[in-house]
Amino acid sequence: MNDSKPFPTKYDFKPVEKKWQDSWTSLGSYKAEENSLKEKYYVLEMFPYPSGRIHMGHVRNYTIGDVVARYKRLRGFNVLHPMGWDAFGLPAENAAQKNNTHPAKWTYENIDYMRAQLKQLGLSYDWSREFATCSPDYYRWEQQLFLEMYEKGLIYRKITTVNWCNTCQTVLANEQVIEGACWRCDELVHPRNMSGWFFKITAYAEELLSDLDALTGWPEKVVTMQKNWIGKSTGLRCDFQVAGLPEAISIFTTRPDTVFGVTFMSIATEHPLLETLIAGTGREEAIRLFVEEIHEEKLRQNIEEEPEKKGLFTGRYCINPFNNEKIPIYVANFVLMGYGTGAVMAVPAHDQRDFEFARKYTLPIVPVVLPEGQILQAQVMETASTIPGKLVNSGSFTGLDSVEAQSAIIEHARSHGFGDSLVTYRLRDWGISRQRYWGAPIPMVHCDSCGIVPVPSEKLPVTLPEDPDISKNECAPLSQRPGFIRTRCPRCDEEARRETDTMDTFVESSWYFARFACSDYRQDPLDRKKSSYWLAVDQYIGGVEHAILHLLYSRFFTKVLRDLGYLDVGEPFTNLLTQGMVIKDGAKMSKSKGNVVDPDQLINQYGADTVRLFSLFAAPPERDLEWNAQGVEGASRFLNRVYRYIISFAEQQGGVAAQTDFASEPSRALHRKMHQTIRKFTFDIENDFHFNTAISAAMELFNTLLLTTDENNAEQAERSVVMETIRNLLVLLYPMVPHFCSEMWSIAGFAQSLDQQNWPAWDEDAAREDLVTIVIQVNGKVRSRIEVESDISAEALEKEAFADENAKRFIAGKPVKKVVVVQKKLVNIVV
RNA sequence: GCGAGAGUGGCGGAAUUGGUAGACGCGCUGGUCUUAGGAACCAGUAUCUCUGAUGUGUGGGUUCGAGUCCCUCCUCUCGCACCA
């Protein structure tokens with residue numbers, strides 16, 4: 001501003017954005033320190049997978065986070081706002097394979113490129129805390145945690161039917177199977193029996209469920225989804241003695257009140273008792289064939305449609321302990337081994353699946369619960385009756401209501417020793433074994449004499465082999481790399497084999513937010529002091545697509561970390577904002593649709609601030625954002641208008657009179673609007689981060705500024721008021737368009753840096769309107785509008801309304817039945 | 001099928017506790033300045049049979065008054081889906 005060079009007529013964002021980014025970097029403006037007197041605030045956006053370049057979804061996500069970070073700094077918080085890379089995963093292997101390179105090289109090059117992109121957006125991260133999860137500096141601590149969890153009995157190994165993706169050549173967790181297909185490649189998954197490592201997330205099922213109620217800062221929707229996923233149900237576990245054998249079959253039901261309506265038993269094809277049951281029945285071959293057939297079918301099964309219910313009599317019977325009735329045992333395709341006990345007492349009268357099954361195989365249907373005012377006749381029923389009612393044909397429980405019968409029946413089972421109440425969860429343990437290369441190695445050793453032995457923590461990290469063991473194929477899975485596998489048993493020092501499974505990449509993202517508190521700590525996974533200072537994350541921001549997977553795993557890990565003594569908190573994210581997708585032409589951006597918008601190109605053309613402003617302005621954050629090229633143009637236009645106003649303001653060089661006597665009406669109007677804007681802007685951000693309406697308020701204030709300083713008007717606002725308005729406008733907009741506001745701040749000649757300002761306060765008195773527009777309605781229809789003093793009394797207001805010409809016309813001498821007066825709003829005259 | 005959310009101009013979207021429907025922006029129309037303008041600025045912009053009437057997916061209800069509350073139906077989006 002000291003040199004006399006005239007300002008360009010168009011805001012030249014390129015040098016300006018570069019200048020401020022360099023300045024923030026060299027000053028270390030956003031470095032978070034632990035020793036601060038200010039209250040801490042931890043804002044975090046879901047870190048990206050380094051796929052190559054950022055997309056518009058990232059731009060939106062990180063812009064929202066940056067506004068929160070900068071806003072909270074201006075509000076006087078000690079803000080932690082870090083960024084890192086979710087860097088393990090299959091795409092790196094695929095890319096490496098394709099380009100004959102190494103996954104690490106590919107990954108780190110992507111990170112370098114994407115980091116530069118994020119810096120170009122002017123995001124206020126504390127880059128000193130950055131890390132990539134594929135670095136041994138990170139995953140060695142994950143391996144350490146693995147060992148500690150193993151020690152605590154939270155990790156075990158088992159053989160189960162897993163979801164196998166042929167394309168990815170690996171196992172997937174239940175959560176990673178979406179509509180029967182792989183979440184990453186969309187290929188249909190197949191069941192397969194394999195042994196693998198499991199995290200005992202079910203040990204925390206109850207806490208994961210009950211703590212949801214305390215997450216008041218989370219969207220209802222996400223809480224509900226997690227509740228459903230955990231899927232708690234309470235009921236009766238009960239043993240049915242097999243006739244002629246010492247074994248009993250254990251069942252689980254949520255409808256113990258229907259136990260007298262049991263007419264057969266269904267067990268899963270994988271039920272462990274199956275072989276014992278069929279032995280000696282003469283039906284062995286037929287059953288085995290049937291089971292085989294079902295398994296084949298499941299392999300080919302199209303997940304979209306439910307297969308027809310099928311079953312086969314095993315040749316055995318069991319005894320219903322409640323009425324001593326002998327019922328046939330069937331093996332059936334619709335019984336899941338993974339839920340409950342893998343065996344179901346079948347009550348066709350009151351369960352739709354059992355009903356269909358019974359009709360198909362002409363098994364008896366016995367109604368035992370009558371809903372009020374209904375009569376159930378087995379012969380004519382078309383569907384099962386699932387509503388509660390009064391019990392019939394139920395021995396001593398007849399006459400009881402469903403609800404009371406349930407507890408009475410459970411109690412009966414308990415006291416007679418053949419059953420008890422049982423809580424089951426839909427949630428299963430988290431299978432974390434992946435059979436690939438680019439992941440964190442599981443720190444275990446298989447020894448022929450000692451069995452499975454953990455790698456001692458002082459021997460960590462177990463690093464990924466860097467050199468190819470198999471020529472020209474860098475991405476051979478660990479299981480095909482003899483150099484990695486060969487090791488010595490930590491216990492007996494004999495030759496042994498390393499575990500070749502790697503951990504699911506969701507493990508990395510389950511605790512990265514805690515590591516940000518102390519990313520350079522070298523003694524332990526977490527520095528207890530720093531992590532307890534920063535955690536929990538006050539505001540977490542990311543896509544709703546992670547509502548179950550990542551957020552559930554992170555909650556689980558947080559509880560584990562707490563129990564291992566690393567954290568004080570049991571929940572990782574106090575407040576969660578799930579932002580909507582960025583769409584174009586009504587569809588999600590995708591290469592195949594050809595509707596992808598490239599952030600690089602946009603930033604190049606319009607600058608980071610314009611892109612940021614538009615993505616904040618076009619929709620509230622939780623909703624989908626329709627990308628609109630002309631809308632971006634509009635955002636750019638707004639900044640340019642402000643720019644031109646400020647350079648002309650700066651060029652006028654007029655001395656600022658210290659007067660604030662508001663000699664002119666425009667001064668008063670501008671001053672009032674300014675205070676109203678500060679109030680609205682603050683509310684909009686504080687309640688739900690509605691930046692779109694905040695920005696529109698800022699635009700209104702700017703429009704008022706133009707209007708009240710228009711030279712064509714007889715009177716203009718005084719320079720002191722104008723200056724104060726500009727000053728506050730720049731502070732308000734700073735979190736959204738930081739480069740622009742910083743530059744304008746310096747052009748306008750304000751002292752210090754914008755970073756060091758305080759968020760402006762508003763004055764309720766100054767924001768109050770002297771005059772308000774009152775609507776006059778006759779019979780609820782708007783007939784007129786009048787301007788009155790805002791503090792006018794109800795009586796006077798009513799009088800004014802009746803004096804109004806338009807109102808009089810519509811009253812037209814009719815008798816007035818009622819008058820409703822709402823101060824500062826309206827008068828409704830009913831005739 | 002179950003659960004959750006959403007339907008407002010040509011478009012994105014605004015509307016404290018029920019109280020001026022359409023803020024702000026885009027687009028469009030007309031104008032000013034210009035050799036020119038896809039620049040900038042000014043004015044207008046829900047619809048119609050226009051002193052008035054009609055308008056927030058449909059149909060009803062409550063109310064002096066409903067985008068907002070209640071019921072019915074329709075459409076769309078998302079999540080779950082043989083969970084006993």
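Just the heavy atoms: all of them, side chains too, but no hydrogens, waters or symmetry mates, feed the values below. Each chain gets a letter, A, B and so on, in the order the sequences are listed, and its residues count up from 1. Remember, predicted model here, so these are calculated numbers, not experimental data.
Aromatic pair A:Y361/A:F264: centroids not less than 6.0 angstrom apart.
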* What string of B, S and - do you get for nucleotides 28-56 of chain B, 5' to 3', if B is base contact, S is sugar-phosphate-only contact and - is no contact with any protein heavy atom under 4.0 Å? -> ------------SS---------SSSS--
* Do nucleotides 8-23 of chain B as a string where each nucleotide becomes B, S or -: B if the base has a protein heavy atom under 4.0 Å, S if just the sugar-phosphate does, - if no protein is that close. => ----BSS----BBS-B
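Separating the C1' atom of B:C69 from that of B:U17 is a span of 12 Å, rounded to the nearest Å. B:G79 and B:C28: their P atoms are spaced 36 Å apart (whole Å). When the P atom is compared between B:C74 and B:U58, the two are found 15 Å apart, to the nearest whole Å. When the C1' atom is used for both B:G3 and B:A15, the distance is 30 Å, rounded to whole Å. Comparing B:G65 with B:U54, their P atoms are spaced 14 Å from each other, to the whole Å. B:U45 and B:G9 are spaced 10 Å apart, taking the C1' atom of each and rounding to whole Å. B:G61 and B:U68 have their C1' atoms separated by 15 Å, given to the nearest Å. Rounded to a whole angstrom, the distance from the P atom of B:C26 to that of B:A40 is 10 Å.
Counting only residues at least two apart or on different chains, the salt bridge (charged side-chain N to carboxylate O under 4.0 Å, His left out) pairs with a member in residues 692-706 of chain A are A:K673-A:E700. Each side-chain hydrogen bond (donor to acceptor under 3.5 Å, both in side chains) pair with one or both residues in residues 259-272 of chain A, not counting sequence neighbours, appears once here: A:T269-A:H295. Residue pairs meeting the salt bridge (charged side-chain N to carboxylate O under 4.0 Å, His left out) criterion with at least one partner in residues 327-338 of chain A, sequence neighbours excluded, are absent. Within the structure, no pair that satisfies the side-chain hydrogen bond (donor to acceptor under 3.5 Å, both in side chains) test touches residues 810-822 of chain A, not counting sequence neighbours. Here salt bridge (charged side-chain N to carboxylate O under 4.0 Å, His left out) pairs that include residues 223-239 of chain A, with residues two or more places apart or in two chains, are A:E206-A:K232, A:D213-A:K227, A:R237-A:D239. Applying the salt bridge (charged side-chain N to carboxylate O under 4.0 Å, His left out) test to every pair with at least one member in residues 820-831 of chain A, sequence neighbours left out, gives no pairs at all.
For A:R555 and A:Q226, the side-chain atoms include at least one donor-acceptor pair closer than 3.5 Å. If you check the side chains of A:S790 and A:E769, you find no donor sitting under 3.5 Å from an acceptor. A donor atom on one side chain and an acceptor atom on the other are found under 3.5 Å apart for A:Y339 and A:S233.
Using the six-membered ring where Trp is involved, A:W430 and A:Y553 have ring planes that are parallel, under 30° apart on the 30 and 60° scheme.
Distance, A:I230 CD1 to B:G3 C1': 16 Å, rounded to whole Å. Per the geometry, CG belonging to A:N228 stands 14 Å off C1' belonging to B:G1, to the nearest Å. Between the CG atom of A:L616 and the C1' atom of B:C24 there is a distance of 14 Å, given to the nearest Å. Atom CD1 of A:I548 and atom P of B:A4 are 15 Å apart (whole Å). Between A:M699 atom CE and B:C24 atom P there is a gap of 10 Å when expressed in whole angstrom units. Between the P atom of B:A84 and the CE atom of A:M345 lies a distance of 12 Å, rounded to the nearest Å. When the P atom of B:A84 is taken as reference, atom CZ of A:F240 falls 16 Å away, rounded to whole Å. Distance A:R237 CZ to B:C83 C1': 18 Å, rounded to the nearest Å.
Closest to the A:T253 side chain, of the nucleotides B:A84, B:C83, B:G25, is B:A84. Among the nucleotides B:G3, B:C82, B:G25, the one closest to any side-chain atom of A:K309 is B:C82.
Note on A:S233: only backbone sugar-phosphate atoms sit closer than 4.0 angstrom, heavy atoms only; bases stay farther off. Residue-level contact check: A:N640 touches neither bases nor backbone, having no heavy atom under 4.0 Å from any strand. Residue A:G634 is classed as a sugar-phosphate contact, given heavy-atom separations below 4.0 Å to backbone atoms only.
Glycosidic conformation of B:G61: anti, with the torsion beyond 90° of 0.
The base of B:C64 is not paired with the side chain of A:K817 by any donor and acceptor separated by under 3.5 Å.
Legend: residues meeting side chain to side chain donor-acceptor pair (under 3.5 Å) with A:D12, ordered by chain and number and at least two apart, are absent. Residues satisfying the salt bridge (Lys or Arg N to Asp or Glu O under 4.0 Å) test with A:K584, not counting sequence neighbours, are none. Among residues two or more places apart in sequence or in another chain, the ring pair (Phe, Tyr, Trp, His ring centres under 6.0 Å) test is passed with A:F702 by A:F638, A:Y645.
Mapping A:A635 and A:V335 onto RNA chain B by nearest heavy atom places A:A635 closer to the 5' end of the strand.
At least one side-chain nitrogen or oxygen of A:K818 sits closer than 4.0 Å to the OP1 or OP2 atom of B:C64. When the side-chain nitrogen and oxygen atoms of A:R426 are compared with OP1 and OP2 of B:A84, none of them lie within a distance under 4.0 Å.
Helical stems of RNA chain B (runs of at least 3 Watson-Crick or G-U pairs, donor-acceptor distances under 3.5 Å) are listed by first residue: B:1-7 with B:74-80, B:10-12 with B:24-26, B:27-32 with B:40-45, B:46-48 with B:52-54, B:59-61 with B:69-71.
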